[in-house]
Chemist: 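Here it is: the structure, laid out below.
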Amino acid sequence: MTTALDGLRAGLLGIEDLSRTEIEAILRRAKEFQQQQAPGKKSDALRGHMVVLLFFESSTRTRTSFEIAAKRLGADSVSISVAASSVSKGESLVDTLNTLAAMRPDAIVMRHAASGAPHFLARHLPIPIINAGDGTHEHPTQALLDAMTILDHRTSLEGLKVAIIGDIAHSRVARSNVHLLAKFGAEVVLCGPPTLLPTELGLLAKGVKLTYRMDEAIRDADVIMMLRVQLERQFETTFPAGEYFGFYGLRQEHVALAKPDVIVMHPGPINRGRELSSEVADSQQSVILNQVENGVFVRMAVLERVFS
Ligand code: ASP
């Protein structure tokens with residue numbers, strides 16, 4: 001008999017809970033998908049499985065790539081966005097979940113503005129739940145695809161200097177990346193304006209450093225990961241948005257401080273002229289579109305894992 005605990009074990013709620021071995025297994029499988037890639041070719045590995053994509057926040061890359069991943073593995077997928085669902089008519093999360101459960105999906109991919117929402121779901125439904133971003137907490141598949149993209153350019157994560165720059169306070173991408181990179185011995189430097197860089201983030205994992213200075217974060221970096229300013233989550237900070245680019249926007253002169261073969265990443269959506277200049281976004285060093293491409297392979301590996 002399946003229990004809620006089995007669902008928790010089989011799903012993917014965060015990077016913090018994963019071991020190095022589990023992460024390596026997902027990355028290895030994603031790499032196999034990348035190498036085998038024959039556009040348009042589908043397998044029927046997950047035939048007969050129904051994946052519900054339940055998105056309470058907007059998404060372009062994550063939702064589409066989960067959908068493509070499910071289809072490439074032969075699974076059926078149904079996408080539910082909140083604006084079009086009964087949640088906008090006042091239905092509670094529990095009632096929505098019970099309704100969904102009655103439709104007997106085999107797994108749910110969920111994005112929600114509240115940190116911990118997928119964990120709540122996992123405690124109540126006996127099926128795998130995959131966290132596609134919960135509030136400011138975690139975005140595990142983003143960190144996995146980021147690791148895969150870094151490893152397309154480096155042989156190992158160990159010893160790499162990774163500068164994560166921007167709105168760290170509200171970023172689930174930063175948190176998941178810190179957990180993953182620290183597990184593999186990378187040096188992580190978090191950088192942003194004081195209002196967006198709470199000092200307690202230094203406690204997230206061993207060896208994480210904090211700085212308000214872009215030059216310090218970027219000097220000799222192997223990877224520069226820029227983050228979007230999450231205006232939709234800024235209830236508590238007052239923020240001079242117009243000045244942001246002047247202080248924390250990535251420009252070519254910053255990139256010149258990093259290692260010559262540095263890669264520039266961004267989880268998207270990017271705001272040119274706010275987080276980074278167009279020149280950098282479109283430069284040789286930018287791997288932003290490779291991240292999107294790898295998102296499909298990582299999500300195929302994750303779906304396969306939760307059904308195995
Ligand atoms: N797409 C990422 C997320 O959902 C990053 C962002 O929205 O800025 O967290």
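Each ligand, and each atom within it, is numbered from 1 in the order the structure gives. The figures here come from the full heavy-atom set of this structure, side chains too, leaving out hydrogens, waters and symmetry mates.
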Chemist: Which option wins on minimum heavy-atom distance to atom 7 (O) of ligand 1: H266, E275, R228?
Modeler: R228

Chemist: Classify the contact between R61 and ligand 1 as side chain, backbone, both or neither, using a heavy-atom distance cut-off of under 4.0 Å.
Modeler: neither

Chemist: Under 4.0 Å between a Lys/Arg side-chain N and an Asp/Glu carboxylate O for K209 and E216?
Modeler: no

Chemist: With a 4.0 Å cut-off on heavy atoms, does P269 reach ligand 1?
Modeler: yes

Chemist: Under a 3.5 Å threshold, yes or no: a donor from one side chain and an acceptor from the other, between H139 and R111?
Modeler: yes

Chemist: Does a donor on one side chain and an acceptor on the other come within less than 3.5 Å for R251 and S277?
Modeler: no

Chemist: What do we get for E57 next to ligand 1 when only non-hydrogen atoms under 4.0 Å count, side chain, backbone, both or neither?
Modeler: neither

Chemist: Among protein heavy atoms, which lies nearest atom 9 (O) of ligand 1, and at what distance?
Modeler: R172 NE, 2.8 Å

Chemist: Select one of side chain, backbone, both or neither to describe which atoms of S171 lie under 4.0 Å from any atom of ligand 1, heavy atoms only.
Modeler: neither

Chemist: Taking the six-membered ring of F33 as reference, does the NZ or CZ atom of R29 fall below 6.0 Å from its centre and within a 45° cone about the axis?
Modeler: yes

Chemist: Does the N or O separation between G268 and ligand 1 drop below 3.5 Å for any pair?
Modeler: yes

Chemist: What do we get for Q142 next to ligand 1 when only non-hydrogen atoms under 4.0 Å count, side chain, backbone, both or neither?
Modeler: neither

Chemist: Of all the atoms in ligand 1, which lie at a distance below 4.0 Å from a heavy atom belonging to V173?
Modeler: 2 (C), 5 (C), 9 (O)

Chemist: When you look at T64 and E67, which way does the side chain to side chain donor-acceptor pair (under 3.5 Å) test go after all the steps?
Modeler: CA-CA 5 Å; T64 313; E67 210 164 324; 6.0 Å; no

Chemist: Apply ring pair (Phe, Tyr, Trp, His ring centres under 6.0 Å) to F120 and list each qualifying residue two or more places apart in sequence or on a separate chain.
Modeler: H124

Chemist: What atoms of ligand 1 come within less than 4.0 Å of a heavy atom belonging to R111?
Modeler: 4 (O)

Chemist: For D76, is there an ion pair with R47 - N to carboxylate O distance below 4.0 angstrom?
Modeler: no

Chemist: How many angstroms lie between CD in Q291 and CD1 in I263, if you round to the nearest 0.5 Å?
Modeler: 7.5 Å

Chemist: Number the atoms of ligand 1 from 1 as they appear, then name those within less than 4.0 Å of a heavy atom of H139, with their elements.
Modeler: 3 (C), 4 (O), 9 (O)

